[in-house]
Amino acid sequence: MRFGELVGNERVKRQLAADIDSDRFPHALLVEGEAGSGRHTLAMAVARAAVCSSDGEKPCGVCDACRKSEHPDITVYGEEGTISVDTVRALRQEAYVMPNEAPRRVMILSGAQNMLPAAQNALLKILEEPPRHVVFILLCENRTQLLETIRSRCVCVAMEAVEWETAAPVLRAKLPRADEQELLRAHNLFGGRIGRVLDGMQDGTFRRVLELTPKFAEAVIAPTELDLLRLTGALEKDKELTAGVLSGLMLVFRDALTLSYGGRACLSTAPDTAQKLASRLSGKRLMALSQQIGALQQAQRRNMNNTLFLTRMSACLREAAEVK
């Protein structure tokens, strides 16, 4: 199978190619990955392979199906937010309609975590006994946001971080004017998610994270919690910026931990702040802060209300730091 522009994720590619190259398409595929991880790119590659008419490697890129910019047998649902039970009921009805041109119909549920419980239960009915000509592809940030009964009926794959050596050529080609060190910093900050690096560099999120991360780190060890609470106002309406600051804090705390044990910092975008934290906090406290950031990142991926999340974040980080 050809995966188009999707780079890295070799384990995922091997897992899917083994079946698809043998024309054994999963009736339901669940692709888990954060924003910018390539989950949409993978979904479209699988969808294109499913409708490709070539007898060889799919998608071939040259058959009539592959040359169409939009194929009538590939439908995407849920791009505009919450997926209601009515949307899923309509999807179920359409699933029993035979394909227009291709051997299969592909139904992609983008943001499947936004399905309401009733919608998930409605989808479960068709996943239990799917039409033979349909391939369902569900995309989500975290598979635990979906019912276990849904997950158990899907082939599940998780998108992985792309190593710098693999990501660098793509980033250089897409952002030819960007400084190499800036690209490396953005790659580290956004966890090897190429799509998120590109968006963050172009929409200003990367610069905002560089500006806010040291301020948040120093507010964690400030005499009172007020400084930290004030800073959270900058994040209240922007979950992507919140995620970026969390990643930035993780790198700063890890560098500070390394420095506290005599090592050399190398990951964060705020080395002076990491040095200050290393001189103020014990290794135990810095480890606790790193662990707390990891827990907060998991909580945010579960679509927790952002205002409540930021209040929780402030309390948890102050508690982990044990500022006197």
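Computed over heavy atoms, backbone and side chain alike; hydrogens, waters and symmetry mates excluded.
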Peer 1: Do the non-hydrogen side-chain atoms of Val209 and Leu189 ever get within less than 4.5 Å of each other?
Peer 2: yes
Peer 1: Nearest heavy-atom pair of Pro214 and Ala270: which atoms, and what distance?
Peer 2: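 Minimum heavy-atom contact is CB-CB, 4.1 Å.
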Peer 1: If you round to the nearest 0.5 Å, how far is CD1 of Ile126 from NE2 of His27?
Peer 2: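 Here the interatomic distance stands at 10.0 Å.
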Peer 1: For Leu246 and Met313: C-alpha separation, side-chain torsions, deciding distance, then whether side-chain contact (heavy atoms from CB on, under 4.5 Å) applies.
Peer 2: CA-CA 10 Å; Leu246 285 173; Met313 182 181 85; 3.6 Å; yes
Peer 1: Check whether Val134 and Val46 end up in the same hydrophobic cluster, where Ile, Leu, Val, Met, Phe, Trp and Tyr are linked by side-chain heavy atoms less than 4.5 Å apart.
Peer 2: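 Val134 does not cluster with Val46.
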Peer 1: Rounded to the nearest 0.5 Å, what separates atom CG in Asp255 from atom CD in Gln275?
Peer 2: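 Reported to 0.5 Å precision, the distance equals 10.5 Å.
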Peer 1: Determine whether Asp203 and Arg208 satisfy the following criterion, salt bridge (charged side-chain N to carboxylate O under 4.0 Å, His left out), listing intermediate values before the conclusion.
Peer 2: CA-CA 10 Å; Asp203 65 15; Arg208 289 286 287 147; over 6 Å; no
Peer 1: Asn306 side chain to Glu236 main-chain N or O, any donor-acceptor pair under 3.5 Å?
Peer 2: yes
Peer 1: Quick check on Glu148: does its CD atom have over 12 non-hydrogen neighbours (other residues, nucleotides or ligands) under 6.0 Å away?
Peer 2: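 Counting other residues, nucleotides and ligands, CD of Glu148 exceeds 12 neighbours.
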Peer 1: Does Asn9 use its side chain to pair, donor to acceptor, with the backbone of Val12 at less than 3.5 Å?
Peer 2: no
Peer 1: Determine whether Leu277 and Val252 make a side-chain contact, defined as any pair of heavy atoms from C-beta on separated by less than 4.5 Å.
Peer 2: yes
Peer 1: Would you say the side-chain atoms of Ser22 pair up with the backbone N or O of Arg24, donor to acceptor, closer than 3.5 Å?
Peer 2: no
Peer 1: Check the surroundings of atom CD in Glu129: do more than 12 heavy atoms from other residues, nucleotides or ligands lie under 6.0 Å from it?
Peer 2: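 No, not enclosed.
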Peer 1: How about Glu94 and Thr75: does a side-chain donor come under 3.5 Å of a side-chain acceptor?
Peer 2: no
Peer 1: With side-chain contact (heavy atoms from CB on, under 4.5 Å) as the criterion, how do Ser314 and Thr232 come out once you've worked through the C-alpha distance, each side chain's angles and the decisive distance to 0.1 Å?
Peer 2: CA-CA 8 Å; Ser314 298; Thr232 59; 3.5 Å; yes
Peer 1: Measure the shortest side-chain to side-chain distance between Val155 and Gln15 over non-hydrogen atoms and say whether it is less than 4.5 angstrom.
Peer 2: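 Yes, side chains in contact.
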Peer 1: Checking Glu322 side chain against Glu319 main chain: does a donor-acceptor pair fall under 3.5 Å?
Peer 2: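 Looks like no, no N/O pair under 3.5 Å.
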Peer 1: How about Leu147 and Asn121: do any of their side-chain heavy atoms sit closer than 4.5 Å?
Peer 2: yes
Peer 1: Can you tell me if CD on Glu70 sees more than 12 non-hydrogen neighbours from other groups inside 6.0 Å?
Peer 2: no
Peer 1: Any carboxylate oxygen within less than 4.0 angstrom of a Lys/Arg side-chain nitrogen, looking at Arg39 and Glu32?
Peer 2: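 Glu32 and Arg39: not salt-bridged.
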Peer 1: Taking the side chain from His133 and the backbone from Ala102, do they hold a donor-acceptor pair closer than 3.5 Å?
Peer 2: no
Peer 1: In terms of heavy-atom contacts, does CG of Asn100 have more than 12 from other residues, nucleotides or ligands at under 6.0 Å?
Peer 2: yes
Peer 1: Within the 4.5 Å heavy-atom criterion, are Val245 and Leu235 side-chain neighbours or not?
Peer 2: yes
Peer 1: I'd like to know whether Val197 forms a side-chain contact (heavy atoms from CB on, under 4.5 Å) with Leu171, so could you lay out the CA-CA distance, the side-chain angles of the two residues, the decisive distance to 0.1 Å, and finally the verdict.
Peer 2: CA-CA 8 Å; Val197 173; Leu171 296 176; 3.8 Å; yes
Peer 1: How many angstroms lie between CZ in Phe136 and OH in Tyr77, if you round to the nearest 0.5 Å?
Peer 2: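 With rounding to 0.5 Å, CZ (Phe136) is 8.5 Å from OH (Tyr77).
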Peer 1: Any sub-3.5 Å donor-acceptor pair from Lys276's side-chain atoms to Asp272's backbone N or O?
Peer 2: no
Peer 1: When hydrophobic residues are tied together by side-chain contacts of less than 4.5 Å, even through go-betweens, does Val106 share a cluster with Leu42?
Peer 2: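 As far as the 4.5 Å side-chain criterion goes, Leu42 and Val106 are connected within one cluster.
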Peer 1: Quick one: closest heavy-atom pair of Pro169 and Glu165, and the distance?
Peer 2: CD-O, 3.4 Å
Peer 1: Sequence neighbours excluded, which residues qualify as salt bridge (charged side-chain N to carboxylate O under 4.0 Å, His left out) partners of Glu34?
Peer 2: Arg193, Arg301
Peer 1: What about Leu6 and Met44, same hydrophobic cluster or not, with Ile/Leu/Val/Met/Phe/Trp/Tyr joined at side-chain heavy-atom distances under 4.5 Å?
Peer 2: yes
Peer 1: What's the shortest heavy-atom distance between Ala217 and Thr273, and which atoms?
Peer 2: CB-CG2, 3.5 Å
Peer 1: Any salt bridge between Arg207 and Glu182, counting N to O under 4.0 Å?
Peer 2: yes
Peer 1: So does Arg312 have more than 12 non-hydrogen atoms from other groups sitting under 6.0 Å from CZ?
Peer 2: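 Count not over threshold, so no.
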Peer 1: What distance do Leu138 atom CG and Ile150 atom CD1 have between them, rounded to the nearest 0.5 Å?
Peer 2: 7.0 Å
Peer 1: State plainly whether one hydrophobic cluster holds both Leu91 and Ile74, where clusters connect Ile, Leu, Val, Met, Phe, Trp and Tyr through side-chain heavy atoms under 4.5 angstrom apart.
Peer 2: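 No, separate clusters.
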Peer 1: Check Ala47 against Ile108 and note the closest heavy-atom contact, atom names and distance.
Peer 2: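 Ala47 and Ile108 have their closest heavy atoms at CB-CD1, 4.2 Å.
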Peer 1: Is any side-chain N of the basic residue among Asp73 and Lys68 closer than 4.0 Å to the acidic one's carboxylate O?
Peer 2: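 Lys68 and Asp73: not salt-bridged.
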Peer 1: Out of curiosity, Ile293 CD1 to Leu249 CG, how far, rounded to the nearest 0.5 Å?
Peer 2: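 Going from CD1 on Ile293 over to CG on Leu249, the span is 4.5 Å.
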Peer 1: Rounded to the nearest 0.5 Å, what separation is found between the CD1 atom of Ile83 and the CD atom of Gln113?
Peer 2: 8.0 Å
Peer 1: Between the main-chain N or O of Ala122 and the side-chain N or O of Arg92, is there a donor-acceptor pair closer than 3.5 Å?
Peer 2: yes
Peer 1: Would you say Arg285 and Phe253 make side-chain contact, with heavy atoms under 4.5 Å?
Peer 2: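 The answer is no; the side chains never approach within 4.5 Å.
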Peer 1: Kindly indicate, with the supporting measurements, whether the criterion side-chain contact (heavy atoms from CB on, under 4.5 Å) is fulfilled by Leu183 and Met201.
Peer 2: CA-CA 8 Å; Leu183 289 178; Met201 293 285 284; 4.0 Å; yes
Peer 1: Taking the side chain as every heavy atom from C-beta outward, state whether Val97 and Arg105 have any atom pair closer than 4.5 Å.
Peer 2: yes
Peer 1: Looking at Ala95 and Pro131, what are the two nearest heavy atoms and their distance?
Peer 2: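 Taking Ala95 first and Pro131 second, the nearest heavy atoms are O-CG, 3.7 Å.
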Peer 1: I'd like to know if Glu225 pairs up with Arg318 as an ion pair, taking the criterion as any Lys NZ or Arg NE/NH1/NH2 lying under 4.0 Å from an Asp or Glu carboxylate oxygen.
Peer 2: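 The answer is no: the pair does not qualify as a salt bridge.
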Peer 1: Hey, any chance Val135 and Phe3 share a hydrophobic cluster, counting ILVMFWY side chains that come within less than 4.5 Å of each other, even indirectly?
Peer 2: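 Yes, it is one cluster - the side chains of Val135 and Phe3 are joined through contacts under 4.5 Å.
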Peer 1: Do the side chains of Leu198 and Leu175 get nearer than 4.5 Å, heavy atoms only?
Peer 2: yes
Peer 1: Should we count CZ of Arg11 as having more than 12 external heavy atoms under 6.0 Å?
Peer 2: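 Result for CZ/Arg11: open.
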Peer 1: Do Ser84 and Thr87 pair up side chain to side chain, a donor and an acceptor below 3.5 Å, judged on atom types alone?
Peer 2: yes
Peer 1: Just say parallel, tilted or perpendicular for the rings of His187 and Trp164, cut-offs at 30° and 60°.
Peer 2: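 His187 vs Trp164 ring planes: perpendicular.
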Peer 1: For the side chain of Gln300 and the backbone of Thr242, is there at least one donor-acceptor N/O pair under 3.5 Å apart?
Peer 2: no
Peer 1: Short question: side chain of Thr213, backbone of Leu210 - any donor-acceptor pair under 3.5 Å?
Peer 2: no
Peer 1: Check Phe309 against Ala299 and note the closest heavy-atom contact, atom names and distance.
Peer 2: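 Taking Phe309 first and Ala299 second, the nearest heavy atoms are CE1-CB, 4.2 Å.
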Peer 1: Test your reading of the model: is there a side-chain donor-acceptor pair from Lys215 to the backbone of Leu228, 3.5 Å cut-off?
Peer 2: no
